[in-house]
K.L.:
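Next up is a structure, given as structure tokens.
In listed order, ligands and their atoms are each counted from 1.
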Amino acid sequence: MIVDLRSDTVTRPTPPMRAAMADAEVGDDVYGEDPTVTALETEVAALLGHEAALFVPSGSLGNQLGIRLLVQPGQELICDTLAHVARAELGAAAVFSGITFRTWRAQRGVLDADAIADLAAPDAGPYQVSTAAIAVENTHNFGGGIVQPPEQVAAVATFAREHGLGLHLDGARLWNAHVATGTPLAELAEPFDTVSVCLSKGLGAPVGSVLVSSAARIAEARVWRKRYGAGMRQAGIIAAAGLYALRHHVSRLADDHARARRLAEALGADPAAVPTNIVVLDVADAAGVAVQAAADGVLVSALGPRFLRLVTHLDVDDDGLDRAIDVLRPLVAR
Ligand SMILES: *Cc1c(COP(=O)(O)O)cnc(C)c1O
């Protein structure tokens, strides 16, 4: 048995999801004629309480389109030092959009509105780089799946409004924040100008993310998506997997969260520090643990010299979790 805890991206489509894909009605989405893509966009826009939505192949593209709508070339986006947009998108905002970054330090990625107010430089004048937008991540991936405190999000949103700054949400795992807190998705998404959500993480779709925003911004994003070469034709085949995931795989995220807490507890970490499906362990030799665990069929991610990340998801059941605990316990105890 292989137990793959490297990421929730490793899930494979289930048989009923594959059946929904096979049965999907399709058309040419570049002509706006794929009914399944349109249904997915309509449904996600409604769920998140924004006017319109755009289906994109990846969360990175959802983020990049959102950011480019809010920041002009030569302006900056600010985010925390661990943010996916800053660390894990290969400098795409610089390469494609001429955007620079500055970052604030955040303990486990938790938002601190005061740090943001200190860092931001709106209207910096003719010689300095002006901040045009702020990016927030919820849940926070490299922060260990933490859910952003609502009062901090509200304070950041107030600051952004007062200073005319755009606000982007990298909501790759916003579903997890919703299930962990019971807060409606629309409430989590409301303060933001643009929101990107992933269907291919814990929701288990093979491909796909969605960007939501105002109708005007989404019309602009549609042009940029095509310009980047990501206009998709009979994409209803994959959008159907996303629709299936929205109907069947959201509330079950609670199981992933419970398993992540059990995993943390069994490995000597604090389960109270595991609000969703990501367990971060501080170990002496993360790469060494990953190699040894892999030899016993348990895959984990070493994301830093001491930083081990374990992610629960649709394809890890209780037996898999027990197996992972048996293999990892002696390795992380050393
Ligand atoms: C996975 C992820 C993304 C997008 O990743 P893709 O591999 O491009 O789909 C964006 N933000 C966060 C926080 C993520 O975890």
Side-chain angles (χ1 to χ4, degrees), residues 4-13 40 44 48 53-68 77 79-93 95-97 101 103 106 108-111 133-148 153 167-178 180 188-189 192 194-212 221 224-225 228-230 232 235 238-239 241-242 245 253 256-257 260 275-280 301 303-304 307 309-314:
D4 195 344
L5 298 170
R6 288 172 303 168
S7 175
D8 46 10
T9 56
V10 301
T11 53
R12 278 155 301 193
L40 175 67
V44 175
L48 298 185
L54 185 70
F55 185 43
V56 292
S58 71
S60 296
L61 186 57
N63 280 337
Q64 291 305 320
L65 291 173
I67 289 166
R68 90 159 298 138
L77 176 78
C79 63
D80 77 90
T81 55
L82 299 174
H84 195 281
V85 286
R87 283 191 75 198
E89 296 178 14
L90 299 168
V95 173
F96 297 130
S97 309
F101 280 79
T103 57
R108 302 198 69 214
V110 177
L111 267 187
I134 302 166
V136 171
E137 195 171 309
N138 197 16
T139 67
H140 199 298
N141 179 353
F142 299 129
I146 63 93
V147 178
Q148 297 299 355
V153 174
L167 202 53
H168 174 73
L169 175 61
D170 178 352
R173 295 186 183 80
L174 196 65
W175 322 104
N176 298 82
H178 160 62
L188 294 170
F192 297 90
T194 51
V195 181
S196 170
V197 290
C198 286
L199 303 166
S200 62
K201 301 272 165 86
L203 293 197
V207 182
S209 284
V210 180
L211 178 73
V212 305
W224 280 102
R225 181 187 66 174
Y228 285 170
M232 299 180 286
I238 50 176
L253 292 172
D256 298 342
H257 298 175
T276 59
N277 67 327
I278 301 179
V279 178
V280 167
S301 287
L303 295 177
F307 184 175
R309 189 188 67 177
L310 294 68
V311 187
T312 56
H313 53 75
L314 189 59

K.L.:
At less than 4.0 angstrom from any non-hydrogen atom of E137, what atoms of ligand 1 do you find?
P.N.:
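The atoms of ligand 1 under 4.0 Å from a heavy atom of E137 are 13 (C).
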K.L.:
Any heavy-atom pair between the side chains of L253 and L203 that's under 4.5 Å?
P.N.:
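They are in side-chain contact.
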K.L.:
Check whether any N or O atom of T139, backbone or side chain, sits under 3.5 Å from an N or O atom of ligand 1, and answer yes or no.
P.N.:
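It does not: no N or O of T139 is found under 3.5 Å from an N or O of ligand 1.
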K.L.:
Before signing off on this row, confirm whether D170 and ligand 1 have an N or O atom pair separated by under 3.5 Å.
P.N.:
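Yes, at least one N or O pair falls under 3.5 Å.
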K.L.:
Counting both backbone and side chain atoms, is some N or O of S60 under 3.5 Å from an N or O of ligand 1?
P.N.:
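Yes, there is a polar N/O contact under 3.5 Å.
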K.L.:
Is a side-chain donor or acceptor of N138 paired with a backbone partner of Q148 at a separation under 3.5 angstrom?
P.N.:
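Yes, the answer is positive, given that a donor and an acceptor are paired below the 3.5 Å cut-off.
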K.L.:
Donor-acceptor pair, distance only, cut-off 3.5 Å: does the side chain of W224 make one with the backbone of G66?
P.N.:
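Flag not set: sc W224 to bb G66 has no pair under 3.5 Å.
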K.L.:
Please report whether ligand 1 has a polar contact with G59, defined as an N or O pair separated by less than 3.5 Å (distance criterion only).
P.N.:
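Right, the criterion is met.
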K.L.:
Determine, counting only non-hydrogen atoms of the protein, whether one lies under 4.0 angstrom from atom 5 (O) of ligand 1.
P.N.:
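Yes, there is one.
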K.L.:
Answer yes or no: is there a side-chain heavy-atom contact under 4.5 Å between K201 and N277?
P.N.:
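No. Closest side-chain heavy atoms not under 4.5 Å.
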K.L.:
Heavy-atom distances under 4.0 Å decide this one: backbone, side chain, both or neither, for H140 against ligand 1?
P.N.:
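The answer is neither.
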K.L.:
Checking contacts here: is it the side chain or the backbone of A172 that comes within 4.0 Å of ligand 1, counting heavy atoms only? Could be both or neither.
P.N.:
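Near ligand 1, A172 shows its side chain, while the N, CA, C and O stay back.
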K.L.:
Angle between ring planes, Y228 versus F96, binned at 30° and 60°: parallel, tilted or perpendicular?
P.N.:
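Aromatic pair Y228/F96 classed tilted.
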K.L.:
Just which atoms of ligand 1 are under 4.0 Å from any heavy atom in N63?
P.N.:
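Selected atoms, number and element: 10 (C), 11 (N).
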K.L.:
Determine the sole option in H168, H84, R173 for which the side-chain contact (heavy atoms from CB on, under 4.5 Å) test with E137 is passed.
P.N.:
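Of the listed options, the one satisfying the test is H84.
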K.L.:
Which atoms of ligand 1 have any heavy atom of S58 under 4.0 Å away?
P.N.:
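The list of qualifying atoms is 8 (O), 9 (O).
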K.L.:
Considering only heavy atoms of K201, which atoms of ligand 1 have at least one such atom less than 4.0 Å away?
P.N.:
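The atoms of ligand 1 under 4.0 Å from a heavy atom of K201 are 1 (C), 2 (C), 3 (C), 4 (C), 5 (O), 14 (C), 15 (O).
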K.L.:
Can you check whether L40 reaches L199 side chain to side chain, under 4.5 Å on heavy atoms?
P.N.:
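L40 vs L199: side chains touch.
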K.L.:
Does T9 reach ligand 1 with a nitrogen or oxygen that is under 3.5 Å from one of the ligand's nitrogen or oxygen atoms?
P.N.:
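Looking only at distances, the answer is no, because the N/O contact criterion of under 3.5 Å is not met.
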K.L.:
Taking side chain to side chain contact (heavy atoms under 4.5 Å, CB included) as the definition, give me every residue that meets it alongside V10, ordered by chain and number, with sequence neighbours left out.
P.N.:
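For V10 the side chain to side chain contact (heavy atoms under 4.5 Å, CB included) partners, ignoring immediate neighbours, are D4, R6, H313.
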